[in-house]
Amino acid sequence: MDNFEILGTLGRFRQILAALGRQRFRVQLVLAGIAITAARLTLPAPYPNEELLVTSNPIGRYGGRLVAALRSEPKTLNPVTAVDVASLEVIRRMTADLIHINRYTHRTEPALAKTWKVSRDGRHYILHLRRGIRFSDGRPFNADDVVFTFQVLLDEKVHSPQRDLLVVGGEPIAARKIDAYTVEFELPQADAAAERIFDSIAILPRHVLQKVYDEEKMDQAWTPGTPSGEVVGLGPFRLKEYNPGQHIILERNPYYWKADRTGNRLPYLDEIAFLFAGSEDAQFARFQAGELDVVSRLSPDNFSLLERKRQARGYKLYDLGPGFQYEFLFFNLNDMSSKGTEPIVREQEWFRKVEFRQAVSAALDREGIVRLVYQGRGAPLWGHVTPANKMWVDAALPRPPRSLDRARQLLKSVGFSWKDDGTLIDSRGEIVQFSIVTNAGNSQREKTATIIQDDLAKLGMRVHVVPLEFRALTDRVFHTFDYEACLLGLVSGDADPNPEMNVWILGGGTHLWNLSQSRASAQWESEIDGLMRRQLTTLDYHQRKKLYDRVQQLVAEDLPLICLVSPNILVGAKENLENFQPANLSDYALWNADQLFFRKASPDQPR
Amino acid sequence: MRYYTRRLLHTIFLIFGVSVLSFLFMELAPGEFFDEMRLNPQISPETVVALRHQYGLDKPLAVRYVRWVQSVFKGEFGFSFAYNRPVAPLLMSRARNTLLLTLTATLFAWLIGIPWGVWIAVRKGKWPDHFSTVVVTGLVSVPDLLLALVALLVAMRTGWFPVGGMVSLGSSEWGPAHKVEDVASHLFCPALVLFLGSLPTIIRHARTAMLGVLDSGFVRAAQAHGISSRRLLFRHALPAAAGPLISLVGISVGTLLSASLLVEAIMGWPGIGPLLLEAILARDLYLVVGAVIFSTAFLVAGNLVADALLYRIDPRIRGE
C-alpha cells in the first residue's frame, strides 16, 4: 500500500467518522430537544397577559442542581427580620424586588416594576407593576402585595432592620395603591438614590402573611423549619428541604416571571443546594473535594492553592479585582472625659492632631500590605471609596507614596522629637506608645496590624497588636471606648454613597472614631456632615459627584479613617457552569442564579 | 427510694447552679448579640435599641433569669436572638445527632475497650500487655483535635468518606437501607475520632480494676480450690471488677460529650457543638444556656444510670 492509498483510506475513514459524528450529533440534538420539551411541559406556559421580563442572556438548558456553601446556617427565611449574610443569601434566591440593582453594572433595572416615573421634585414615584405574574404558590401578584410589604416594613412594632432604609430625612416613605398594578410612593423629601432603596426589598405575599401580621407574629414567621409550601415568594427558587445544621435545598419556582429570548421560563437549574460549611477554609476544602460547584469570597491563600490544580480539577477561578470593602485604621477620638480612662485621654492629645494621623498614614506601606497580606490580590487605598466603585470614586485623589521623611517632618511640626535610641516622644517627654486592637481569627487583619506595627516602629512609635474576639472588640469600640487604635473594615452594600450616611454624619451609628459626639469637634467634620446631607437631596448626578468628591478629599486629608486596602473578590466555579458572571458587589457569585445552567459535562469532566 | 430521691434533689440543685453560673458568665463576657448590627451602616442605633428592648436585653440580669425560668416551665428554654424562635426545638433537632454520634462512639469504645483491658490484665507482663501499653500511651498523648484534623485530611484527600455533614444531598428521596448506609458513611470519621479518644481510658481502667480483683485474696483462694480460670474470670472476678467500671460510665459519658462538641465543630457534624460554638461567639444568651443545660443533663443522666447500677450490684452502697 503506497502513501496515496494510505491517505485515501484515512480520508474514507475520516468521512465515516464524520458521518457517524453527524448522526450522533443529530441523535444528541433530538434527545436535547426531548429533554427541553419535557422540562417545558413541567413548567406552566405563559398565562394570558403575563408580562414576563425577557432577559438577554445566552440560552441555557434545563436541569441540574447547583451546590454552593454558606459560612453559617441561615437563621431565618423571613425577609422582614433577616440581617445575617447567610439568611440574606438564601432569601434573595426566593424573593424579588420592585427595582433591582444589577450587581454587574451597578445600575438600576426593572424587576417587578416594569416601568416607573419620578416627579420633578423627586418626591413622588409611580411604579407600574408587571401584570399576570404569580407567586411561587401560583397565586397572583398585584399592588396589594406591594402596599402590604411596605406597611409591614414600616411598622415600628415589627422592628424590621430594613425600616431604616425607608426613612428619609427622619420620616417614613408612604406607599399608596392607585390601581391593581400601579403604586405611588411619596417621599418626605427628595432622595437622590430613591430608586435604589427598592433593591432587595422583598415583596411579601399578602395572602400568606396578612394573618400572621394581624396576630403580631411577623417576626416569628418563616423560620428555616417552616414547611416548604408555606414560604412563598417571587424569586427564581422556592424552599424544598431544610436539614438543620447541614443544608437547605431550593427548587425551581415554576411561576417565575423571567424568560429568555426564546421564551424559556427561567431559571434553568432544577435546584440550588446550600451546604452549611462553617468557615472559609471548610468551603475551600469542599470545593477542592468537588462537593461544591461555586465558592465565593475566597481568601488569597486558598485562592492561590486552588490555582495550582484548577485544570486537573475542572474549575475556573475569577479574580474580580477590588470589591466594595475598605480596610482602615482609626484612632479613638471619642470624648473620654466621663469615662475616667486617664492613659487614653493623654494619648488622645496625639490622636487629635491631624499631623499625627497624617504622619501615621505617610509611614504605612500600603503596597507592602497588598503584597504580603493579600498576595497582590487587593488595591491600596488612600480614600474610602474603592476603585470598584467607578461611578463615585474620586480618581483625582492624591496617592502619595510611603515617605518616612514626610512623616518625621509632620511629627516634628507638632512638637514630637526622638530620644537617642530613636524612640518617639511628645513635647512633655512621654514615649509614644499605643495598642491597635483588631478581631482575632481574621488572619488578614492580624497580619496587617503586624505590618503597621513594624512600619510605625520605624518612626520610633511603640505599637502593640491586640487581637480580640469579635464581640469583645465591638464592645470596646461601641460601648466602653477602651481602645487606642483599631483596625477594621466595612463593606458598602451599594455603589451609591447614601447607605454610608451613618459612617460620615455626626451622631451616625457607624461614626466609628467618635461615637459619643453629636457636635463637630473640628471644621472638617462638620463640613463632611454638611456635604453628605446635601448630596442626599441633590438630584443631579454631576453635582452629587462633586459634593462626594469633596467628602473623599476631606477624609483623605484629615484621616478620621486611615484607609489601607480593598481586598479583591475571589471566586471559583465548576468549568461547566455557564452564564456565570460573578460581580464585585454582594452577593458576588449567585446574583444571576436564575440564568445559570450546566453545560453538558464531557465524560472526563467531574460533575 | 430515699437514695433515688436524694440523687434527684442533687441533680435539680446542680442544674439550677449551672444555669445561674451560665447566666453570670454570659453577662460577664464583653459584647452582646446586637453589637454586630452596629457595624452595619444601614441599621440605625435606634433600631438596635428597639431590638434590645424587644428581647429584654435592657432588663436587669435577675429579671431576665426569672423570665428564663418561666420559659423553662413552658418547655421553651428561652428564645434565641439569632434564630428568632424558642431554644428547645432548636436544641432537640441537634441533640439527636449528638446522641447518635456520642452513643455510637461510647458503645464501640466499651465493646472493644473492656475485653481488651481484661485480656491484658490476665496477661500482665506479657507481650500483649506491653504492646497495649504502647498503643494506649500513644492514643492518650494525641489530642482529639489532632485526630479530628487527620481524619478530615484523610477523608478530603482520599474521598473515601464525606467531608462534613450527616446526610448526602437528596438522601431524603432514598430508601431506608440507602439512608442508613449514607448516615453510617458520614458517621464513620467523627465516631472513629471519639472512639480513639476514649478507648485508652477504658482499657486502662478495665485493666487496673481487673488486676485489683485478680490480686485479691478471694481469687487466690478460689484458684487454690481448683476453680477453672475461665469460670473464675467470668463468674467471680468480672462481677467484682464491675463497680469501678460502672463508675467510669458516668464520667466517660461526660468527657465524651465535651470531646464530641469539639469534634462536631471541626468535622461539621450537625450536633450541639457547632450550634453552641456559634451561639457563644454571637452571644446568643439563651441558646448558650440551653445547650449548657442539655450537656449537664446528659452528664447527670449518665451518672444517675451509673449510680443506679452500682446501687443494684453493690450491697455496701445499699447499706449506707
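We name chains A, B, ... by the order of the sequence lines, and we start the count at 1 in each one.
- For a residue to count as touching a neighbouring chain, one of its non-hydrogen atoms must lie under 4.5 Å from one of that chain's; by this rule B:E278 touches chain A with the side chain only.
- Other residues, nucleotides and ligands contribute over 12 non-hydrogen atoms within 6.0 Å of the NZ atom of B:K59.
- With a 4.5 Å cut-off on side-chain heavy atoms, B:R94 and A:P244 count as touching.
- Around CZ of B:F108, the count of heavy atoms belonging to other residues, nucleotides or ligands within 6.0 Å does not exceed 12.
- The distance from the CG atom of B:D284 to the NZ atom of A:K75 is 9.0 Å, given to the nearest 0.5 Å.
- Residues of residues 169-186 of chain B lying under 4.5 angstrom from chain A, judged on non-hydrogen atoms, are B:L169, B:G170, B:S172, B:E173 in numerical order.
- The candidate from B:V167, B:L51, B:N40 with the greatest count of non-hydrogen atom pairs under 4.5 Å with chain A is B:V167.
- Of the listed residues B:P270, B:G164, B:A29, B:P41, the one with more heavy-atom pairs under 4.5 angstrom with chain A than any other is B:P41.
- For the pair B:L39/A:F478, a side-chain contact is recorded, criterion being any heavy-atom separation below 4.5 Å from C-beta on.
- Contacts of B:L275 with chain A are absent, with no heavy-atom separation under 4.5 Å from either backbone or side chain.
- Between B:D35 and A:H479 the shortest side-chain heavy-atom distance falls below 4.5 Å.
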Step by step, work out the side-chain hydrogen bond (donor to acceptor under 3.5 Å, both in side chains) result for B:Q42 and A:D494. CA-CA 10 Å; B:Q42 298 188 28; A:D494 183 14; over 6 Å; no
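- Using a 4.5 Å cut-off between heavy atoms, B:E46 makes no contact with chain A at all.
- If you measure heavy-atom distances from A:H159 to chain B, the contacts under 4.5 Å come from both the backbone and the side chain.
- Interface remark: of the candidates B:G165, B:P45, B:S44, B:S44 forms the most heavy-atom pairs closer than 4.5 Å to chain A.
- Atom OG of A:S72 and atom CG of B:L277 lie 11.5 Å apart (nearest 0.5 Å).
- Below 4.5 Å, heavy atoms of chain A meet heavy atoms from B:F79, B:A82, B:Y83, all part of residues 64-83 of chain B.
- With a threshold of 4.5 angstrom between heavy atoms, A:Q288 approaches chain B through side-chain atoms but not through N, CA, C or O.
- Side-chain contact check for B:T47 versus A:R163: every heavy-atom pair is 4.5 Å or farther apart.
- Counting heavy atoms of neighbouring residues, nucleotides and ligands inside a 6.0 Å radius, atom CD of B:E36 does not exceed 12 of them.
- In the displayed structure, B:Q54 atom CD is contacted under 6.0 Å by more than 12 heavy atoms of other residues, nucleotides or ligands.
- With a 4.5 Å cut-off on side-chain heavy atoms, A:T76 and B:N84 do not count as touching.
- Contact count against chain B (heavy-atom pairs under 4.5 Å) is highest for A:R286 among A:R286, A:K240, A:E271.
- For A:A282, no part sits under 4.5 Å from any heavy atom of chain B, backbone or side chain.
- Neither the backbone nor the side chain of B:V48 comes within less than 4.5 Å of any heavy atom of chain A.
- Neither the backbone nor the side chain of B:A155 has a heavy atom closer than 4.5 Å to any heavy atom of chain A.
- Highest contact tally toward chain B, considering only A:G225, A:A472, A:S492, is held by A:A472 [criterion: heavy-atom pairs under 4.5 Å].
- Within the 4.5 Å cutoff, no side-chain heavy atoms of B:R38 are placed close to those of A:T474.
- Per-residue counts of heavy-atom pairs under 4.5 Å with chain B were compared for A:L165, A:L468, A:N78, A:V503; the largest is that of A:L165.
- Of the atoms belonging to A:L488, it is side-chain heavy atoms, and not backbone ones, that fall under 4.5 Å from chain B.
- Of the two parts of A:D219, the backbone and the side chain both hold a non-hydrogen atom closer than 4.5 Å to a non-hydrogen atom of chain B.
- B:R283 and A:E469 get closest at one heavy-atom pair: NH2-OE1, 2.5 Å.
- For A:T81, the part lying near chain B is the side chain, with the backbone staying farther off; criterion is any non-hydrogen pair under 4.5 Å.
- Heavy atoms of A:L512 lying under 4.5 Å from chain B belong exclusively to its side chain.
- Judged by distance alone, with hydrogens and angles left aside, the side-chain atoms of B:R85 form no donor-acceptor pair with the main-chain N or O of A:T223 at under 3.5 Å.
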